[in-house]
Protein chains: 2
Amino acid sequence: MNIGEAAKASGISAKMIRHYEGIGLIDQSHRSPAGYRIYSKNDLHTLSFVKSARSLGFSLDQIKQLLSLWQDRERASSDVKALALSHIKELDDKIAELSAMRNLLQNLTTECHGDDRAECPILQGLEQPCVGASTKKT
Amino acid sequence: MNIGEAAKASGISAKMIRHYEGIGLIDQSHRSPAGYRIYSKNDLHTLSFVKSARSLGFSLDQIKQLLSLWQDRERASSDVKALALSHIKELDDKIAELSAMRNLLQNLTTECHGDDRAECPILQGLEQPCVGASTKKT
DNA sequence: ATTGACCTTACCACAATGGTAAGGTCAAGG
DNA sequence: CCTTGACCTTACCATTGTGGTAAGGTCAAT
């Protein structure tokens, strides 16, 4: 199976499959005599795993850890769970941050009449330095 | 006022102030004879506006539009409101996406006993291709 | 005159993905 | 046998917003 088919089957673009290989997230694939990448059913299984993990928002770095746990039959499920809980916390933090933004902005926006006049509570709100001091790096 | 003070006062790093100037988000600042950037009270006002808008999650591109509306006394508040509503939608979409991830992952995680055994519903869930087909580009 | 704190520009880096360009390969059909 | 089109290869650049570093200039105080 060539990379194009593997891409279609896994839902990961060919571009990204090559990239994942390049950064060592997945093993180097076998090659045809002409140098084409060849994917087995097993390789596809791995790609699907990566795709699922990406869909849940895990970073490539976290996925690297997940993959190594996945492939380790001696793993403790507590290690997997710890990784998952940590990611859930990241998601919760991000959701909280975005929700705070949303609520502040919503408040300003409902106050804005939104007609052809220039007076605008949104812009006035942005002038105040108190708008919200979040913007943590996450 | 030098860039360091302006940075401290506005909450935007000196690095970023230079960058915003470089990409044309803010006007080029005046310079001292030695080439140091000089910031007036008015410049600081603009920087604070940018800071507030960043805190609400507006992109630099959106902030460019906000700034031009802010400085346009002929503006219609409806234009500002449209921009704000569009950003609220972006935030809502992102929140929904992250919440979906969070909920799926939470489901898998509560099923995982998290002890020293290898059996793990989280990894099993990631093997299934059905984990969630979101990951829209936003 | 030296020192330390500031400033300048010009690069490189991140994460994850997309795009493009220049070229090789392969199967089908003339 | 040769062409065509669809595929593959590598290598580079762009994105977004921010941080870092290096090599050098400035300035105020000692």
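Convention: sequence-line order gives letters A, B, ...; per-chain numbering from 1.
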With a non-hydrogen cut-off below 4.0 angstrom, is R37(A) in contact with a base, only sugar-phosphate, or nothing? sugar-phosphate
Same cluster or not: M1(B) versus Y36(B), using hydrophobic residues (I, L, V, M, F, W, Y) connected whenever any side-chain heavy atoms lie under 4.5 Å apart? no
For N2(A), which contact category applies under a 4.0 Å heavy-atom criterion: base, sugar-phosphate, or nothing? sugar-phosphate
Separation between CD of E21(A) and CG of L47(A), rounded to the nearest 0.5 Å: 10.0 Å
Let me know the distance between CD1 of I17(B) and P of dG17(D), rounded to the nearest Å. 17 Å
Only one of I17(A), D61(A), I63(A) passes side-chain contact (heavy atoms from CB on, under 4.5 Å) with L25(A), and that residue is I63(A)
Judged by each residue's nearest nucleotide on DNA chain D, which is more toward the 5′ side, Y36(A) or E21(A)? Y36(A)
Rounded off to whole Å, could you give me the CZ-to-C1' distance for the F58(A) and dA16(C) pair? 17 Å
Using whole Å, report how far NE2 of H19(B) lies from P of dT21(D). 19 Å
Hey, which of these two, K8(A) or Y20(B), hits DNA chain D nearer its 5' end, going by closest nucleotide? K8(A)
Take the protein atom CD1 of I23(B) and the nucleotide atom P of dT15(D), then report the distance between them rounded to whole Å. 11 Å
Using only side-chain N and O atoms of R31(B), determine if any of them is under 4.0 Å from OP1 or OP2 of dT9(C). yes
Just the rounded figure in Å: distance from P of dC6(C) to CD1 of I38(B). 16 Å
Any non-hydrogen side-chain atom of D115(A) less than 4.5 Å from a side-chain atom of S77(B)? yes
Within the 4.0 Å heavy-atom criterion, would you say S32(B) contacts the bases, only the backbone, or no part of the nucleic acid? nothing
If the cut-off is 4.0 Å, is S13(B) near the phosphate of dG19(D), judged by side-chain N/O to OP1 or OP2? yes
Least distance between heavy atoms, R31(B) atom then I38(B) atom: C-CG1, 3.8 Å
Shortest side-chain distance from M16(B), nucleotide among dT8(C), dA16(C), dG19(D): dG19(D)
In whole angstrom, give the distance that lies between atom NZ of K51(A) and atom P of dA16(C). 14 Å
Once you round it to whole Å, what is the distance between P of dG17(D) and CG of D61(B)? 8 Å
Separation of M1(B) atom CE from dC7(C) atom P, in whole Å? 11 Å
Under 4.0 Å between a side-chain N/O of R18(A) and OP1 or OP2 of dC8(D), yes or no? no
